[in-house]
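Worksheet: one structure, shown below.
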Amino acid sequence: MKKFKKILFISMWLVLITGLLFTMGFVNKQQDALLCEKLSVNVNQENDLYFLDMYDVIRLIKDRGDSIVGQPKATVNVSEIEKALNSHADISNAEVYMSINGEVKVEVKQRKPVVRVINLDGDSYYIDDEGTFMPLSSKYTAKVLIANGTLSEPFIKRYTYSIADIGKDSLLNATSMLDEIYAMANYINGDKFWSSQIQQIYINKDKDMEIVPIVGDQKIIFGDTTFMDKKFKKLLTFYQQGLNTTGWWDKYSIINLKFKDQIVCTKK
């Protein structure tokens with residue numbers, strides 16, 4: 001009797017599990033047959049970034065030949081669409097997913113430039129906040145620091161690298177100023193005062209960085225990023241004294257911050 005009950009119990013569970021699997025399969029088939037009703041795109045445009053908008057992303061999807069609205073859910077390959085969007089030069093990250101009601105949702109984060117590099121040949125490109133290189137856009141020009149001067153590195157030889165790659169490679173690091181420019185740009189952009197005061201980083205013939213302020217006509221020789229925080233604090237002291245002392249501001253033509261623990265000024 002006990003054996004019979006055990007067999008009956010197991011049989012009941014097998015019937016329940018089989019029924020559940022059948023129901024799930026039927027529901028999945030119904031879901032796959034549902035048509036995609038809507039494509040929703042959200043593009044993060046914080047910090048006044050306008051490399052892309054919603055219509056650009058929709059056009060990118062359609063240009064690939066991806067039919068979404070009106071197509072069965074099973075035929076929409078969201079992973080391939082996501083992969084294609086993430087390969088775009090202006091996109092930092094894209095996420096594509098489908099809701100249970102057949103709506104395809106696309107979330108796009110744009111890349112954020114921190115500095116624009118212009119080399120000796122006039123070749124120009126951005127370095128973004130993640131330390132990767134990105135081309136200029138025909139649609140939008142980012143309002144960022146300019147870095148120019150004695151720079152020969154073209155975009156075509158650097159776009160496959162990142163600033164981290166340059167730092168790790170002794171040969172690249174020995175010949176490149178881009179990692180120094182990136183570090184300087186991040187410091188300036190991260191400080192409320194300096195981000196409003198400095199508009200340009202210039203690389204002179206000695207490979208020293210010079211910073212070009214919005215106010216004042218002094219040449220400010222910064223050197224490299226060694227003791228960068230101390231150098232900016234010395235420069236801030238100079239600014240505060242110059243602004244608060246009549247006539248003192250216009251006395252100097254060159255402010256040299258290259259040397260540790262001192263500031264060397266050249267009178268006009």
Side-chain angles (χ1 to χ4, degrees), residues 24 27-117 124-147 155 158-165 178 181-183 185-192 195-196 199:
M24 288 175 64
V27 170
N28 286 336
K29 284 183 179 179
Q30 281 190 318
Q31 282 290 319
D32 289 342
L34 283 176
L35 301 182
C36 292
E37 299 291 339
K38 185 179 180 182
L39 172 62
S40 298
V41 176
N42 179 53
V43 180
N44 182 352
Q45 293 181 319
E46 291 180 6
N47 303 302
D48 295 325
L49 293 177
Y50 297 101
F51 291 108
L52 294 167
D53 58 25
M54 175 183 71
Y55 302 104
D56 294 319
V57 175
I58 292 173
R59 186 162 53 250
L60 287 171
I61 294 172
K62 288 184 175 179
D63 286 348
R64 278 177 35 88
D66 291 308
S67 298
I68 293 178
V69 177
Q71 298 299 309
K73 288 174 62 176
T75 66
V76 179
N77 193 330
V78 294
S79 62
E80 284 299 316
I81 296 172
E82 185 174 281
K83 182 179 177 181
L85 291 177
N86 277 313
S87 68
H88 192 276
D90 297 324
I91 294 177
S92 171
N93 183 60
E95 294 183 2
V96 183
Y97 55 96
M98 188 180 297
S99 66
I100 194 169
N101 64 352
E103 180 180 2
V104 176
K105 296 186 178 183
V106 182
E107 297 286 341
V108 171
K109 179 184 177 184
Q110 296 182 81
R111 294 174 68 180
K112 180 184 176 184
V114 294
V115 62
R116 177 176 175 177
V117 177
S124 186
Y125 50 92
Y126 296 115
I127 304 176
D128 73 5
D129 60 344
E130 296 180 354
T132 56
F133 302 98
M134 60 183 293
L136 300 188
S137 168
S138 59
K139 179 179 178 178
Y140 171 72
T141 301
K143 297 177 181 178
V144 293
L145 284 164
I146 299 294
F155 177 71
R158 286 290 176 262
Y159 80 97
T160 56
Y161 297 96
S162 68
I163 294 299
D165 294 330
L178 297 178
I181 289 170
Y182 176 67
N186 275 335
Y187 187 98
I188 293 170
N189 291 329
D191 186 279
K192 187 176 180 179
S195 61
S196 65
Q199 60 183 340

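The basis for the numbers below is simple: all heavy atoms, side chains too, and nothing from hydrogens, waters or symmetry mates.
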Which residues share a side chain to side chain donor-acceptor pair (under 3.5 Å) with [X], sequence neighbours left out:
{"X": "Asp191", "value": "none"}
{"X": "Asp165", "value": "Ser162"}
{"X": "Arg116", "value": "Ser124"}
{"X": "Ser40", "value": "Glu103"}

Drop me the distance from [X]'s [atom1] to [Y]'s [atom2], to the nearest 0.5 angstrom.
{"X": "Glu95", "Y": "Lys109", "atom1": "CD", "atom2": "NZ", "result": "10.5 Å"}
{"X": "Ile163", "Y": "Phe133", "atom1": "CD1", "atom2": "CZ", "result": "4.0 Å"}
{"X": "Tyr125", "Y": "Arg158", "atom1": "OH", "atom2": "CZ", "result": "7.5 Å"}
{"X": "Tyr140", "Y": "Leu49", "atom1": "OH", "atom2": "CG", "result": "5.5 Å"}
{"X": "Arg59", "Y": "Met54", "atom1": "CZ", "atom2": "CE", "result": "11.0 Å"}

For Tyr126 versus Ala142, what's the shortest heavy-atom pair and its separation?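 The pair with the smallest heavy-atom distance is OH-N, 3.0 Å.
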Listed by chain and number, what are the ring-ring contact (aromatic ring centres under 6.0 Å, His included) partners of Tyr187, not counting sequence neighbours? Phe232
Which residues pass the ring-ring contact (aromatic ring centres under 6.0 Å, His included) test with Tyr159, sequence neighbours left out?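 Residues passing ring-ring contact (aromatic ring centres under 6.0 Å, His included) with Tyr159: Phe155.
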Enclosure of Tyr161 OH (heavy-atom neighbours >12, cutoff 6.0 Å):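 12 or below, so no.
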Side-chain donor-acceptor pairs under 3.5 Å in residues 78-88, sequence neighbours left out?
{"from": "Ser79", "atom 1": "OG", "to": "Asn77", "atom 2": "OD1", "distance (Å)": "2.7"}
{"from": "Glu82", "atom 1": "OE1", "to": "Val96", "atom 2": "N", "distance (Å)": "2.7"}
{"from": "Asn86", "atom 1": "OD1", "to": "Ala94", "atom 2": "N", "distance (Å)": "2.7"}
{"from": "Asn86", "atom 1": "ND2", "to": "Glu82", "atom 2": "O", "distance (Å)": "3.2"}
{"from": "Asn86", "atom 1": "ND2", "to": "Ala94", "atom 2": "O", "distance (Å)": "3.2"}
{"from": "Ser87", "atom 1": "OG", "to": "Ala84", "atom 2": "O", "distance (Å)": "2.6"}
{"from": "His88", "atom 1": "ND1", "to": "Asp90", "atom 2": "N", "distance (Å)": "3.1"}

Positive for side-chain contact (heavy atoms from CB on, under 4.5 Å) with Leu145, one of Ile181, Ile188, Ile127: Ile188
Quick test of your reading: applying salt bridge (charged side-chain N to carboxylate O under 4.0 Å, His left out), list the pairs with at least one residue in residues 124-133, sequence neighbours left out, ordered by first then second residue.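 Those involving residues 124-133 are Arg111-Asp128.
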Please answer whether the main-chain N or O of Leu52 pairs with a side-chain N or O of Gln110 as donor and acceptor at a distance below 3.5 Å.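 Looks like yes, one N/O pair under 3.5 Å.
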Going by the rule side-chain contact (heavy atoms from CB on, under 4.5 Å), which residues pair with Glu37 if we only count those two or more places apart in sequence or in a different chain? Leu35
Residues two or more places apart in sequence or in another chain: which of them pass side-chain contact (heavy atoms from CB on, under 4.5 Å) with Asn186? Val114, Tyr182
Determine, stepwise, if the pair Val144 / Val115 fulfils side-chain contact (heavy atoms from CB on, under 4.5 Å). CA-CA 5 Å; Val144 293; Val115 62; 5.5 Å; no
Tell me which pairs pass side chain to side chain donor-acceptor pair (under 3.5 Å) where either residue lies in residues 45-55, with sequence neighbours left out. Asp53-Lys139
Test item: Cys36 and Met98 side chains (from C-beta on) under 4.5 Å apart, heavy atoms: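 Touching, per the 4.5 Å side-chain cut-off.
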